[in-house]
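Notes follow the structure.
Here the structure is a predicted model, which is why all the values come from computation and not from measurement. All values below were derived from every heavy atom in this structure, side-chain atoms included, with hydrogens, water molecules and symmetry-related copies excluded. So that the names make sense, note that chain A is the first sequence line, chain B the second, and so on, each numbered from 1.
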Protein chains: 2
Amino acid sequence: MKEGSKDLNLSVIKAFKLLDVYLTEKQEWGVRELAKKTGYNKTTTYRLLSTLESLDIVQKNDDDKYILGLKLFELGNLVPVYKSLRNYSRTALDTIAKEIKETVHFGVLSNNQVLYLNKAESALGLKVSTQIGSYQHAYCTAIGKVLLAFSSADKISDYLKNVKLEAFTSNTITNSKALLIELEQIKERAYALDMEELELGLICIAIPVFNKNKEVIASISVAGPSSRFKAENVQSYLSIIKKGAFEIEAHLRDYK
Amino acid sequence: MKEGSKDLNLSVIKAFKLLDVYLTEKQEWGVRELAKKTGYNKTTTYRLLSTLESLDIVQKNDDDKYILGLKLFELGNLVPVYKSLRNYSRTALDTIAKEIKETVHFGVLSNNQVLYLNKAESALGLKVSTQIGSYQHAYCTAIGKVLLAFSSADKISDYLKNVKLEAFTSNTITNSKALLIELEQIKERAYALDMEELELGLICIAIPVFNKNKEVIASISVAGPSSRFKAENVQSYLSIIKKGAFEIEAHLRDYK
DNA sequence: AAACGATGTTTCATATAATGAAACGATTTG
DNA sequence: CAAATCGTTTCATTATATGAAACATCGTTT
């Protein structure tokens, strides 16, 4: 198969398309389920799964379902991209989560989306829970709005050109001009709120993390249910989150 | 290619063998370097890398070297194996690392080796640093000796049958009988020490983590340079590590 | 400045491996 | 108990993967 002028390897593409199915919420898949989901022949699917199993990329459990295997865990941990951001954010996120008692996320803008690099979950049963390594919309999350607000004008206009502002709730900002105004305000006060823009009942507050050149390298957010949120807590939350951000910044002054 | 009675997909195997090269310490590889390392033709290697790049499995940096890419980070974070062990160990490891000021590891026995599931590194410059997702010998590390000590007799004898006890330092236990005696002692006192068995200058202390059926599900270890180690600190270290272990056990009572 | 060595990349003929329909056995469902 | 669904195997056919040769680029050496 050709991409641009390049021939690519179709079998390898098929194997990874099988793995892509695991990006959905379902963790275990049978042979024919995967074949149906991907449109591949069940014999081809079976053979690819056997190959991936022999490589520890997937493993088969007791009822003949395949799950992602330990070799991916090993390779996933070796990915150097954003590694120092992930490593140096860990302790600060835990501290923030413990003090505020809500889930804390740490993320960057990647491919016009928020990429979650790290998190510390709330110890409470009812909490926001996301998947590290996964992507989320930027325009309707506090973490994403912070990352956009501190982006260059070029970057923002590229974003608006390429991303459709769909509504998720009646609070979602879907008008470009309104979003630009919102981003200017966020830049000015140096924090963002998501008051049920992505999901009803979900509140989020986020601030930027800078390197020594005052460039935003990531964002920290705290997210929880609206039932636990009180407007008068915003200032004290900001104070706690900022402490965490300073701690991360201390390690990442030279981060580009 | 046949394995047992199964035909496997050679192209997919080649693609993953390329990725296996990244398990070494070198993080970025050129086309011909990888071809040489794997023994594959440089054209084949080039084509496989292009395919992997199109899938975000690898990415090319500015000087035409390939590094592991974000899709592996995403897939790696979705691996369900040992996920609750990884999630629930995080805070406790950070606390132990902060109090003892040395690197803390959390691991299990997998394929007759220690698999590092989590870690919290010492804040000091001179520290033990390992790679999460990587494997280490069990017979000459504290974490591994704990995991072996609390394994069944069958498991231990299978281990000794299949693993060659090579010496890494003059302190490495290479005699099966001596190792068995050592494991009995570890089981009795419920902790292990590695006094420069794996590497000169490296000291390690580890304890087991149990589920509610008193089965060992993981081990926690603290590792540091011998220059910072004092025998009189063992008891206070154990006390701190045990607190962390109890915290983890509280979440994992039902872990099988 | 030219030659050399090393790199990544492209082309195209050939051989190999990937593919998938048909069939099978086992298990689950109605 | 029959039907439906699953994972798995076989083997003929076809499509794709392969790799040698060649090219362009860049850095190094003379």
What is the distance, rounded to the nearest whole Å, between atom [atom1] of [X] and atom [atom2] of [N]?
| X | N | atom1 | atom2 | answer |
| --- | --- | --- | --- | --- |
| B:Leu48 | D:dA17 | CG | C1' | 9 Å |
| B:Glu28 | C:dG8 | CD | P | 12 Å |
| B:Leu52 | C:dG8 | CG | P | 15 Å |
| A:Asp64 | C:dT27 | CG | P | 10 Å |
| A:Asn9 | C:dT16 | CG | C1' | 13 Å |
| A:Ile13 | D:dA17 | CD1 | P | 8 Å |
| A:Tyr66 | D:dC6 | OH | P | 14 Å |
| A:Lys65 | D:dT8 | NZ | P | 11 Å |

Please give me the minimum heavy-atom distance between [X] and [Y], naming the atom from each residue.
| X | Y | answer |
| --- | --- | --- |
| B:Glu74 | A:Tyr135 | OE1-CE1, 3.4 Å |
| A:Arg253 | A:Asn211 | O-CB, 3.6 Å |
| B:Val12 | A:Leu55 | O-CD1, 4.3 Å |

Closest to the [X] side chain: [options]?
| X | options | result |
| --- | --- | --- |
| A:Thr43 | D:dG7, D:dT9, D:dA20 | D:dT9 |
| B:Tyr46 | C:dG20, C:dT9, D:dT8 | C:dT9 |
| A:Thr44 | D:dA20, C:dT9, C:dT19 | C:dT19 |

(request) Please figure out whether B:Asn41 or B:Arg32 has its closest DNA chain D nucleotide nearer the 5' end. (result)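 Comparing both residues, the 5'-ward one is B:Asn41.
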(request) Could you tell me whether the side chain of B:Tyr139 and the main chain of B:Glu166 form a donor-acceptor pair under 3.5 Å? (result)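 Flag set: sc B:Tyr139 to bb B:Glu166 pair under 3.5 Å.
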(message) Does the Lys NZ or Arg CZ of B:Lys14 fall within the cation-pi geometry relative to B:Tyr40 - under 6.0 Å from the ring centre and within 45° of the axis?
(response)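 Yes, a cation-pi geometry.
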(message) Does C:dA6 have its OP1 or OP2 closer than 4.0 Å to a side-chain nitrogen or oxygen of B:Lys42?
(response)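 So the side chain of B:Lys42 is outside the cut-off, no N or O lying under 4.0 Å from OP1 or OP2 of C:dA6.
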(request) Only pairs at least two apart or in different chains count here, so list each ring pair (Phe, Tyr, Trp, His ring centres under 6.0 Å) that has a residue in residues 64-93 of chain B. (result)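 Qualifying pairs: B:Tyr88-B:His251.
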Enumerate all atom pairs, one protein N or O and one N or O from nucleotides 28-30 of chain C, separated by less than 3.5 Å.
none

(message) Going by purine N1 to pyrimidine N3 plus the second Watson-Crick contact, or the G-U wobble pair, all under 3.5 Å, which nucleotide sits opposite C:dG20?
(response)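 Its partner is D:dC11.
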With a 4.0 Å cut-off on heavy atoms, is [X] in touch with a base, just the backbone sugar-phosphate, or nothing at all?
| X | result |
| --- | --- |
| A:Tyr40 | nothing |
| B:Ser11 | sugar-phosphate |
| B:Lys14 | sugar-phosphate |
| B:Lys60 | sugar-phosphate |

(request) Output the distance between atom CD (A:Gln113) and atom OG1 (A:Thr141), rounded to the nearest 0.5 Å. (result)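 Going from CD on A:Gln113 over to OG1 on A:Thr141, the span is 10.5 Å.
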(message) Please verify the inter-ring angle class for B:Phe150 with B:Phe210; under 30° counts as parallel, over 60° as perpendicular, anything in between as tilted.
(response)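 Plane angle over 60°, so perpendicular.
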Kindly give the atom pairs (protein nitrogen or oxygen, nucleotide nitrogen or oxygen) under 3.5 Å for nucleotides 11-15 of chain D.
none

(request) Please determine, by modelled atom types, if A:Asn41 and A:Thr43 share a side-chain donor-acceptor pair under 3.5 angstrom. (result)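 Result is yes, a qualifying pair exists.
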(request) Sort out for me which residue in A:Thr130, A:Leu115, A:Leu198 forms a side-chain contact (heavy atoms from CB on, under 4.5 Å) with A:Gln136. (result)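 The passing option is A:Leu198.
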